[in-house]
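So that the names make sense, note that chain A is the first sequence line, chain B the second, and so on, each numbered from 1. What you see is a predicted model; the values in this text were computed from it and never measured. Hydrogens, waters and symmetry mates play no part in the numbers below; they use all other heavy atoms, side chains included.
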Amino acid sequence: MAVRAGKVLPKTFFRREALVVAQDLLGKNLCRRMPDGSIVRAPLTEVEAYIGPEDKACHASKGKTSRTAVMYEPGGVFYVYLCYGVHWLLNIVTDGPGHPAAVLVRGVGQTFGPGRVTKALAVDKSMNALPAVRTSGLWLEDSGVELSEAQIERTPRIGIDYAGEYWAKQPFRLLIKDTA
DNA sequence: GGAGTGATGACA
DNA sequence: GTCATCACTCCA
C-alpha cells in the first residue's frame, strides 16, 4: 500500500523563517522519483534549522561562497553538499532572497541520519540548486497530517560544537516523538 | 573509541 | 599550488 499522493507544497511555504518551515515540514512527505522511475514518498521525521548568517552553525555564516550561494536563493530550492568526503546531505533552502537559511533533512520515515536519507533516496550533487517541484524528481507534498506541539520534540543540533556554546545549544533540531 | 573520505575555503 | 576543516557512518 503506497503512501497517498498529496498537494505539492508551494514556494511560498518555504519563504518563511527556517525554524517555522522546519516545524511545518515535520510529517510532510518528501517525494523522490528514483532513477528507475519508481516514486518514493516518505514523511519527514527529523529536521534541523539553520536560520541565517547570524547562526554560526550555518554554512553561510562566513559569507557567500560558491558552495553556499544557493542558500541565498529564495526558499524552495535544494542545497546538497558532500560531507566528510563520503555523505551527501540534503537541505531545503528557506526564507527570502538574500537571507541564507536552510532546513537539513536528518530523517524520513524509519530512516534516520542525513547521510542515510540521501543514500536511500539516491540524492546527490545533481540535485543541488534544483527547485522543489515534481519535474526536478525531488519535491514535497502535504500529507494532510496535522502535528500537535505535543508530538514534536526539540533538541540541540548534532555535530556543530565548533559553532560555539550559544549556537550549539539552540534547540533547532526537531523530530516527531515516537508514537509507536 | 577511531578511521575513512574528498570537496571546500583559506592562505601563499 | 598546499593545508586544515568538516551539519557523518561504519566497524572494532
All N/O contacts under 3.5 Å from nucleotides 9-12 of chain B to the protein, with atom names and distances to one decimal?
| unit_1 | atom_1 | unit_2 | atom_2 | d |
| --- | --- | --- | --- | --- |
| B:dG9 | OP1 | A:T65 | OG1 | 2.3 |
| B:dG9 | OP1 | A:R67 | N | 3.2 |
| B:dG9 | OP2 | A:S66 | OG | 3.0 |

* Send over the distance from A:E46 CD to C:dC8 P, rounded to a whole Å. => 11 Å

* **Flag for A:E149-A:Q23: side-chain donor and acceptor within less than 3.5 Å** => yes

* To do: Please indicate whether A:Q170 has more than 12 foreign heavy atoms, meaning atoms of other residues, nucleotides or ligands, lying under 6.0 Å from its CD.
  => yes

Atom pairs under 3.5 Å, N or O on each side, protein against nucleotides 10-12 of chain C: can you list them with distances?
| unit_1 | atom_1 | unit_2 | atom_2 | d |
| --- | --- | --- | --- | --- |
| C:dC10 | OP2 | A:R116 | NE | 3.1 |
| C:dC10 | OP2 | A:R116 | NH2 | 2.9 |

* **Pairing string, 5' to 3', for DNA chain C - Watson-Crick or wobble contacts under 3.5 Å, brackets [ ] where pairs cross, | to another strand** => ||||||.||||.

* **Any residue of residues 91-99 of chain A with a heavy atom less than 4.0 Å from an atom of DNA chain C** => A:N91

* Got more than 12 heavy atoms from elsewhere within 6.0 Å of CD, A:Q110? -> no

* To do: Just do the side-chain contact (heavy atoms from CB on, under 4.5 Å) check on A:Y162 and A:K56 with the steps written out, would you?
  => CA-CA 9 Å; A:Y162 67 89; A:K56 291 286 183 290; over 6 Å; no

* **Value in whole Å for how far the P atom of B:dT8 lies from CG of A:L82** => 8 Å

* Structure fact -> Of A:H87 and A:K125, the one whose nearest nucleotide on DNA chain B sits closer to the 5' end is A:H87

* To do: Return the residues of residues 162-172 of chain A meeting this criterion: a heavy atom under 4.0 Å from some atom of DNA chain C. Order them by number, or give none.
  => A:Y162

* Tell me whether A:L44 is reachable from A:V117 by hopping between hydrophobic residues (I, L, V, M, F, W, Y) whose side-chain heavy atoms are closer than 4.5 Å. => yes

* Donor-acceptor contact below 3.5 Å, side chain A:N29 vs main chain A:C31 -> no

* Verify same cluster id: A:V47, A:Y50 (apolar side-chain graph, 4.5 Å) -> no

* Answer yes or no as to whether C:dA7 has its base stacked against A:Y50, where stacking requires a ring-centre separation under 5.5 angstrom and planes under 30 degrees apart. => yes

* Return the value, rounded to whole Å, for the distance between atom OH of A:Y81 and atom C1' of C:dC8. => 9 Å

* To do: Check which hydrophobic residues are tied to A:W167 through side-chain heavy-atom contacts below 4.5 Å, counting indirect links as well, and list them.
  => A:L19, A:I51, A:Y166, A:F172

* Output the distance between atom CD1 (A:I158) and atom CD1 (A:I160), rounded to the nearest 0.5 Å. => 8.5 Å

* Step by step, work out the side-chain contact (heavy atoms from CB on, under 4.5 Å) result for A:H87 and A:T118. => CA-CA 8 Å; A:H87 309 287; A:T118 53; 5.6 Å; no

* Asked: Expressed in angstrom and rounded to an integer, what is the separation of A:H59 atom NE2 from C:dC6 atom P?
  -> 9 Å

* Calculate, to the nearest 0.5 Å, the distance between atoms CG and CG belonging to A:N128 and A:L82 respectively. => 11.5 Å

* Asked: Hey, does A:L104 reach any base, or is it just sugar-phosphate, or nothing, if we go heavy atoms under 4.0 Å?
  -> base

